[in-house]
Asker: 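Sharing a structure below in structure tokens format, with a few things to ask.
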Amino acid sequence: YNRGYKSGLSNPAGAGAGATTAPPPVSPEELSAYSVGFKSQFADNRIRLNAEAYYYDYTNIQVTTTVTGRSLLTNAGAATIKGVDVEATFAPTSALTITGTVSLIDGQYDKFANGLGFFPLPPNPPITIPKGCDSVTSYPPPAGGAPVAQRACDLSGNKTIQTPPFTSNLSAIYTIP
């Protein structure tokens, strides 16, 4: 078990052009992390197997959002991320090493009221606006882009960003003697 902390701050992007108020400050992020795992070597150190299961409980998780061409930092209320990492290494000879890794991850926002959602406007195909989203705020399209509508949505229960459900890697290294 361990705890992590990321300090809060005033939003570095500032108010931006045309804004009448500064973005709200960002609260500190706190993490309670639980993990269990093992590391092992056997078969005369030719095989290594490492594994870890973890559970991360975030409070005030900090999320970056892009609004009209600028990035803003904001807080989601809470999130949990849990997963398993497994790594295996096999060295059949002194010159050849084969390594494989697999990670399974599940992350979701437990509370994320007023998360920003962006939805295309015509001439793009229509898309259903999820329940829990407020009224439309339209923005002019970027150069060469299509118009979008931004809505504040309750993103509670949605997957966390940058948390792929599955990753893997396989590599082989052959050293010429």
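Residue numbers start at 1 and run along the sequence shown. Predicted model, so just to flag it, every value in this text is computed and none were measured.
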Asker: State the CG-OG distance between D110 and S156, to the nearest 0.5 angstrom.
Answerer: 8.0 Å
Asker: Just how far is it from atom NZ of K6 to atom CG of L73, taken to the nearest 0.5 Å?
Answerer: 7.0 Å
Asker: Flag yes if I81 and V102 sit in one hydrophobic cluster, no otherwise; membership is Ile, Leu, Val, Met, Phe, Trp, Tyr, and two members link when side-chain heavy atoms are under 4.5 Å apart.
Answerer: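 No, it is not one cluster - the side chains of I81 and V102 are not joined through contacts under 4.5 Å.
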Asker: Would you say V36 and Y1 are hydrophobically clustered, going by side-chain heavy atoms of ILVMFWY under 4.5 Å?
Answerer: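 Not linked; separate clusters.
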Asker: Going hydrophobic residue to hydrophobic residue with side-chain gaps under 4.5 angstrom, can you get from L72 over to L155?
Answerer: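 Result: no, two separate clusters.
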Asker: Does T99 reach the side chain of E87, with side-chain heavy atoms less than 4.5 Å apart?
Answerer: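 Heavy-atom side-chain distance check passes, below 4.5 Å.
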Asker: Under 4.0 Å between a side-chain nitrogen and a carboxylate oxygen: does that hold for K111 and D154?
Answerer: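 No, this pair does not count.
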Asker: Count I, L, V, M, F, W, Y as connected when their side-chain heavy atoms are under 4.5 Å apart, and connections chain through other members. Are I61 and F112 then in the same cluster?
Answerer: yes
Asker: Among the clusters formed by ILVMFWY side chains lying less than 4.5 Å apart, do I105 and Y58 turn up in the same one?
Answerer: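 Shared cluster, yes.
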Asker: Do the side chains of Y109 and I161 get nearer than 4.5 Å, heavy atoms only?
Answerer: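 I161 vs Y109: side chains touch.
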Asker: If I take atom CG from residue L104 and atom NZ from residue K82, how far apart are they, to the nearest 0.5 angstrom?
Answerer: 12.5 Å
Asker: Where do L96 and Y174 come nearest, in terms of heavy atoms and distance?
Answerer: CB-CD1, 4.1 Å
Asker: State the CD1-CD1 distance between I98 and I47, to the nearest 0.5 angstrom.
Answerer: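 Rounded to the nearest 0.5 Å, the CD1-CD1 separation comes to 11.0 Å.
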Asker: Report the distance from atom CZ of F166 to atom CG of D106, rounding to the nearest 0.5 Å.
Answerer: 15.0 Å
Asker: Would you confirm whether Q62, through its side chain, and S7, through its main-chain N or O, come within 3.5 Å as a donor-acceptor pair?
Answerer: yes
Asker: Under 3.5 Å, is there a donor-acceptor pair between the side chain of N75 and the main chain of S27?
Answerer: yes
Asker: Given side chains that start at C-beta, do those of N169 and T167 come closer than 4.5 Å, heavy atoms only?
Answerer: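 Not in contact.
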Asker: Once you round to the nearest 0.5 Å, how far does OG of S32 lie from OH of Y55?
Answerer: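 Here the rounded value is 9.5 Å.
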Asker: Kindly say whether L49 contributes a backbone atom to a donor-acceptor pair with the side chain of S40 at under 3.5 angstrom?
Answerer: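 Side chain of S40 to backbone of L49: a pair is present.
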Asker: Has R48 got a side-chain atom pairing as donor or acceptor with Q41's backbone, closer than 3.5 angstrom?
Answerer: no
Asker: With a 3.5 Å cut-off and no angle check, do the side chains of S103 and D85 form a donor-acceptor pair?
Answerer: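 Per modelled atom types, S103 and D85 side chains form a pair under 3.5 Å.
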